[in-house]
Undergrad: 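Please read through the structure below; I'll follow up with questions.
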Number of protein chains: 2
Amino acid sequence: MRDTNEGAIEGVGLSAYKDQMDKCLGEVSLTEEELQAISAAIEIRAYKAGTILLEAGEIATECYLNLKGCVRQYYFIDGEEKTTFFYTEDQPIASFASATKKMPSTHYLSCVEDTVLSVMSFEKEEKLYKKYPRFESLCRIGVEEQLGDYQEILAKYITSSPEERYLNLLETRPDLLNRVPQYQLASYLGVKPESLSRIRKRIMLKPGVNVKLAQVSMT
Amino acid sequence: MRDTNEGAIEGVGLSAYKDQMDKCLGEVSLTEEELQAISAAIEIRAYKAGTILLEAGEIATECYLNLKGCVRQYYFIDGEEKTTFFYTEDQPIASFASATKKMPSTHYLSCVEDTVLSVMSFEKEEKLYKKYPRFESLCRIGVEEQLGDYQEILAKYITSSPEERYLNLLETRPDLLNRVPQYQLASYLGVKPESLSRIRKRIMLKPGVNVKLAQVSMT
DNA sequence: ATAAGTGATTGACTTAAGTTAAGAAGAGTT
DNA sequence: AACTCTTCTTAACTTAAGTCAATCACTTAT
């Protein structure tokens, strides 16, 4: 379950990286040479649905940018998989707790769908930082933005009920509902599958509450 | 409610920063000049309990390192304060979602106790980055570690029940129980104060479950 | 010393989530 | 088409959290 379907995809990764970089403020722009060097360090890989990218116990050595598909982060607790994140198109994937401290990862990463990722090893990334400080600036900004996102996601999670979390998902990531099995979504929302089923029913029955959106989820 | 009790504390901030830096791997070490420049950009401020550091609606312009005391992050939702984080000694405090996007903050930061912070403006920080790339390396590593921490915290929160979260708090941050009012802790654990009260009772009554720790919380 | 205010606990009751078990719906196979 | 496997739903029941209201404990103010 760890094969790499190298496809006829090339250059895609770099342009996605450039888009990503452009988002990190116009301040930092890279030269041809820098882009070349980064491009050389990036590998584009295609994975089949079900492929495991990282296992609990391993040390994370690579970071990814999701070009196409869906990657699920989960823990294995008391004999159960507990899903804690879904990474879809344009989202960076990096298990920093493991990578920065060289500690074994506590979670798994696996592909929910056939997935295409842009891959860079942390090792190569470090080398690039030394050679091209502007690349490090860019990544520093990117990581700061990610940290901001995570702070907000955590706060949103703490301050809302399972039902509110589901409604929030409907608004912010409606695509997930048609890409991911519902029992994994339930776990992600912090409830059992049976409860999510009831939440969905409850919402459908409610008077005005966004029937349109609720329909989407029933497709 | 926004006064600054400048104290006779000086130099404390820098040494704390140095400790913080030392933790960011021995790889990057700074010269005298760099330390001087950083020191010049840092301000040590003492705040009285209750002081608000950042209000919802404001754009965050400063980041902090907690030298002494406790800062609470909270949202104001449906007429209620919802606590989402407590920052204590040696923890960095930065509202990146607001700072990096120059967007109004959605949360408040306020001092639960009399608090001493090392303060740097994001503006000065950016200038230092340009002059001293090694300082940026150091901060990049620091932010990556923080991101790793947040990823783990979020996952832990998603995968545990209120009772488990409370037990986890007992193990990882027992100090908070004696520093912070219980209704704020309840909010932080995602439950109402009455529920936390019942959780505590339940734990006390349970056979073997860490009676010693439970006692601490009863002090 | 008393009164007022805040925070924590308790009780009675409601609502929502967990549990267990049984079916229904769908996709894929042979 | 019949079968299998997985996912989702439903039902009945248990447990925990929300709600509302009263009380208790403690601190602070007058």
Side-chain angles (χ1 to χ4, degrees), chain A residues 48-50 70 72 74 77-83 86 110 112-114 157-170 176-206 209 214-219, chain B residues 48-50 70 72 74 77-83 86 110 112-114 157-170 176-206 209 214-219:
Chain A
K48 288 226 179 81
C70 182
R72 179 173 68 108
Y74 65 93
I77 300 172
D78 297 332
E80 269 189 318
E81 289 185 3
K82 304 251 192 175
T83 299
F86 293 102
S110 98
V112 176
E113 308 169 342
D114 289 354
Y157 199 95
I158 294 179
T159 59
S160 48
S161 67
E163 179 169 333
E164 287 166 337
R165 281 176 215 145
Y166 179 72
L167 289 169
N168 187 245
L169 202 67
L170 237 46
L176 279 184
L177 297 166
N178 301 312
R179 301 175 72 170
V180 164
Q182 201 166 297
Y183 68 91
Q184 290 177 3
L185 278 182
S187 172
Y188 180 50
L189 297 173
V191 296
K192 300 283 160 190
E194 297 90 332
S195 292
L196 178 52
S197 204
R198 281 187 286 239
I199 288 170
R200 283 158 55 85
K201 196 188 199 179
R202 213 188 302 154
I203 289 170
M204 260 214 315
L205 297 176
K206 262 189 192 160
V209 182
Q215 304 297 3
V216 174
S217 71
M218 291 295 148
T219 324
Chain B
K48 288 228 179 81
C70 182
R72 178 173 67 108
Y74 65 93
I77 299 171
D78 298 332
E80 268 188 318
E81 289 185 2
K82 303 249 191 178
T83 298
F86 293 102
S110 100
V112 176
E113 308 169 343
D114 290 353
Y157 199 95
I158 294 180
T159 58
S160 48
S161 66
E163 179 170 332
E164 287 167 338
R165 281 176 215 144
Y166 179 71
L167 289 169
N168 186 245
L169 202 68
L170 236 48
L176 279 183
L177 297 166
N178 302 311
R179 300 175 73 170
V180 163
Q182 201 166 298
Y183 68 92
Q184 289 177 3
L185 278 183
S187 171
Y188 180 49
L189 296 174
V191 295
K192 301 282 159 189
E194 297 92 329
S195 292
L196 177 53
S197 204
R198 281 182 208 122
I199 288 171
R200 283 158 54 86
K201 198 190 200 179
R202 213 187 302 154
I203 289 170
M204 259 213 314
L205 298 176
K206 263 190 192 161
V209 181
Q215 304 296 4
V216 173
S217 69
M218 292 294 149
T219 324

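Proteins come first, then strands; the chains are lettered A, B, ... in the order of their sequence lines, and each starts at number 1. Note that the structure is predicted; figures quoted are calculated from it, not measured. Below, all heavy atoms of this structure are taken into account, side chains as well, without hydrogens, waters or symmetry copies.
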Undergrad: With respect to the side chain of A:Pro162, which nucleotide from C:dA17, D:dT9, D:dA17 is positioned closest?
TA: C:dA17
Undergrad: Apply the side chain to side chain contact (heavy atoms under 4.5 Å, CB included) test between B:Leu196 and each candidate in B:Glu163, B:Lys201, B:Arg165, B:Gln182; give the one that qualifies.
TA: B:Gln182
Undergrad: Does B:Gln182 place a side-chain N or O at less than 4.0 Å from the phosphate oxygens OP1/OP2 of C:dT9?
TA: yes
Undergrad: Which nucleotide, C:dT10, D:dT9, C:dG18, lies nearest any side-chain atom of B:Glu194?
TA: C:dT10
Undergrad: Can you tell me how far P of D:dC8 sits from CG of A:Asn178, to the nearest Å?
TA: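 Between P of D:dC8 and CG of A:Asn178: 12 Å.
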Undergrad: Please give, in whole Å, the distance from D:dA12 C1' to A:Lys192 NZ?
TA: 19 Å
Undergrad: Grab the OH-P distance between A:Tyr166 and C:dA17 for me, whole Å please.
TA: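 Distance check: A:Tyr166 OH to C:dA17 P gives 13 Å.
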Undergrad: Counting heavy atoms from C-beta on, name the nucleotide in D:dC8, D:dT19, C:dT9 closest to the side chain of B:Arg198.
TA: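 Output: D:dT19.
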Undergrad: May I ask you to say what A:Arg202 touches in the nucleic acid, namely base, sugar-phosphate or nothing, with a heavy-atom cut-off under 4.0 Å?
TA: sugar-phosphate
Undergrad: Would you kindly compare B:Ser195 and A:Ser161 by the position of their nearest DNA chain C nucleotide and give the one closer to the 5′ end?
TA: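 In this pair, the answer is B:Ser195.
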Undergrad: Is any side-chain nitrogen or oxygen of B:Ser197 closer than 4.0 Å to OP1 or OP2 of C:dA8?
TA: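 No, because none of the side-chain N or O atoms of B:Ser197 sits under 4.0 Å from OP1 or OP2 of C:dA8.
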Undergrad: How many angstroms lie between CZ in B:Arg200 and OG in B:Ser195, if you round to the nearest 0.5 Å?
TA: 13.5 Å
Undergrad: If you compare all heavy atoms of A:Cys70 against all heavy atoms of A:Leu176, which two are closest, and at what distance to 0.1 Å?
TA: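 Smallest interatomic distance, heavy atoms only, reads SG-CD2, 4.4 Å.
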Undergrad: State which of C:dT19, C:dT10, D:dC8 makes the closest approach to the side chain of B:Lys201.
TA: C:dT10
Undergrad: From the options A:Leu189, A:Leu167, A:Ile199, select the one residue that forms a side chain to side chain contact (heavy atoms under 4.5 Å, CB included) with A:Pro162.
TA: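 The side chain to side chain contact (heavy atoms under 4.5 Å, CB included) with A:Pro162 is passed solely by A:Ile199 among A:Leu189, A:Leu167, A:Ile199.
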Undergrad: Specify the separation, in whole Å, of atom CZ of B:Arg200 and atom P of D:dA25.
TA: 15 Å
Undergrad: Please state how far atom CG in B:Leu196 lies from atom C1' in C:dT9, giving the value in whole angstrom units.
TA: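 Those two atoms, CG and C1', are 11 Å apart.
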Undergrad: Measuring from the side chain of B:Val191 (C-beta onward, heavy atoms only), which nucleotide among D:dA17, C:dT9, D:dT9 has the closest atom?
TA: D:dA17
Undergrad: Rounded to whole angstrom units, what separation is found between the CD atom of B:Gln184 and the P atom of C:dG7?
TA: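 Checked: the CD to P distance equals 8 Å.
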Undergrad: Return the value, rounded to whole Å, for the distance between atom CD1 of B:Ile203 and atom P of C:dT9.
TA: 12 Å
Undergrad: What does B:Pro193 touch in the nucleic acid at a heavy-atom separation under 4.0 angstrom: a base, only the sugar-phosphate, or nothing?
TA: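 No contact.
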Undergrad: Between B:Tyr188 and B:Val180, does the side-chain contact (heavy atoms from CB on, under 4.5 Å) criterion hold? Intermediate values first, please.
TA: CA-CA 11 Å; B:Tyr188 180 49; B:Val180 163; over 6 Å; no
Undergrad: Rounding to a whole Å, what distance do you find between B:Glu164:CD and D:dA17:C1'?
TA: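 From B:Glu164 CD to D:dA17 C1': 15 Å.
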